[in-house]
Amino acid sequence: MSARSKARRRALDVLFEADQKGRGTTAEDLLSLLAERELVTVAQGPFPPYAGEIVRGVAAHRAEIDELLSTYSHGWSLERMPVVDRCILRLGTWEVLHNDDVPDAVAIDEAVALAAELSTDDSPAFVNGLLGRILELKPTLLG
């Protein structure tokens, strides 16, 4: 597993924990959780800088990301999605739209891999389809 893949997994842990703490979790709450992780070395080792970049990016663009996911996930509200899928989609959407250092195909493949590892049998296809739609719309979304 690459260093970036490990960082994505660690960022997903923070995003998941924040989501589990309630819908009202704000960007400040998310950044507070991130700060705790960055200060503490856990069994997994030091918190990777790229994981912090992901969490900060999702926090900064959370409202926009959630609006896009709600708009383009036909038949699925954010609240109805499995929590892990919702968090993977936030991470993947941020990478596709706001991180030019990661090729879009890699961002989507990594999100699909996380869904395959951590969620339901149907989740990889759902994540792939929704992130693929976001990618198709990227030129108009970033206007």
Side-chain angles (χ1 to χ4, degrees), residues 1-39 42 44-143:
M1 181 182 282
S2 75
R4 283 225 165 160
S5 294
K6 289 177 186 175
R8 284 182 188 91
R9 176 67 188 265
R10 298 286 295 278
L12 181 61
D13 291 343
V14 174
L15 296 172
F16 184 86
E17 182 179 345
D19 201 292
Q20 286 295 292
K21 291 189 178 216
R23 281 189 202 155
T25 301
T26 64
E28 292 81 23
D29 295 332
L30 194 54
L31 294 174
S32 175
L33 280 172
L34 173 61
E36 291 172 20
R37 296 305 176 284
E38 289 178 321
L39 292 174
V42 293
Q44 299 168 321
F47 199 78
Y50 186 60
E53 185 179 339
I54 292 168
V55 173
R56 282 187 291 280
V58 169
H61 297 280
R62 173 103 177 246
E64 168 203 8
I65 290 169
D66 284 358
E67 178 66 29
L68 290 170
L69 295 176
S70 293
T71 300
Y72 296 107
S73 61
H74 301 286
W76 286 88
S77 65
L78 277 177
E79 294 78 23
R80 193 170 158 231
M81 291 177 197
V83 175
V84 69
D85 291 1
R86 184 169 52 235
C87 294
I88 290 168
L89 286 163
R90 286 174 177 148
L91 186 159
T93 301
W94 175 78
E95 279 195 314
V96 166
L97 295 180
H98 299 288
N99 188 351
D100 294 333
D101 292 340
V102 175
D104 295 332
V106 171
I108 293 171
D109 287 348
E110 289 283 335
V112 169
L114 284 169
E117 178 185 352
L118 300 170
S119 195
T120 69
D121 291 342
D122 295 330
S123 293
F126 177 67
V127 166
N128 187 58
L130 185 47
L131 290 178
R133 182 69 176 134
I134 299 289
L135 178 58
E136 285 175 16
L137 298 167
K138 182 177 179 176
T140 59
L141 295 173
L142 298 177

_Could you tell me if N99 and Y50 have a donor-acceptor pair between their side chains, going purely by distance under 3.5 Å?_
yes
Any chance you could measure [X], atom [atom1], to [Y], atom [atom2], to the nearest 0.5 Å?
| X | Y | atom1 | atom2 | value |
| --- | --- | --- | --- | --- |
| I108 | T93 | CD1 | OG1 | 9.0 Å |
| I88 | L91 | CD1 | CG | 8.0 Å |
| S77 | D66 | OG | CG | 11.5 Å |
| D100 | E95 | CG | CD | 11.5 Å |
| W94 | I54 | CH2 | CD1 | 6.0 Å |

So do [Y] and [X] actually touch side chain to side chain, heavy atoms under 4.5 Å?
| X | Y | answer |
| --- | --- | --- |
| M81 | L78 | yes |
| P48 | K6 | no |
| L69 | R86 | no |

If you look at every heavy atom in [X] and [Y], which pair is closest and at what distance?
| X | Y | result |
| --- | --- | --- |
| C87 | D19 | SG-CB, 3.9 Å |
| R8 | V102 | NH2-CG1, 3.7 Å |
| G92 | A111 | CA-CB, 4.5 Å |
| R10 | A51 | CB-CB, 4.1 Å |
| S73 | S70 | OG-O, 3.8 Å |
| S123 | D85 | OG-OD2, 2.7 Å |

*Give the ring-plane orientation class for H98 versus H61, where under 30° counts as parallel, over 60° as perpendicular and anything between as tilted.*
parallel
_Tell me which pairs pass salt bridge (charged side-chain N to carboxylate O under 4.0 Å, His left out) where either residue lies in residues 69-78, with sequence neighbours left out._
none
*salt bridge (charged side-chain N to carboxylate O under 4.0 Å, His left out) between R4 and E110: does it pass, once the steps are laid out?*
CA-CA 9 Å; R4 283 225 165 160; E110 289 283 335; over 6 Å; no
Which donor-acceptor pairs under 3.5 Å do side chains of residues 126-143 form with protein atoms, sequence neighbours excluded?
unit_1 : atom_1 : unit_2 : atom_2 : d
R133   : NH1    : E136   : OE1    : 3.0
K138   : NZ     : V96    : O      : 2.8
K138   : NZ     : D104   : OD1    : 3.0
K138   : NZ     : D104   : OD2    : 3.2
T140   : OG1    : L137   : O      : 2.8

_Check: R80 side chain, G75 main-chain N or O, donor-acceptor pair, under 3.5 Å_ = yes
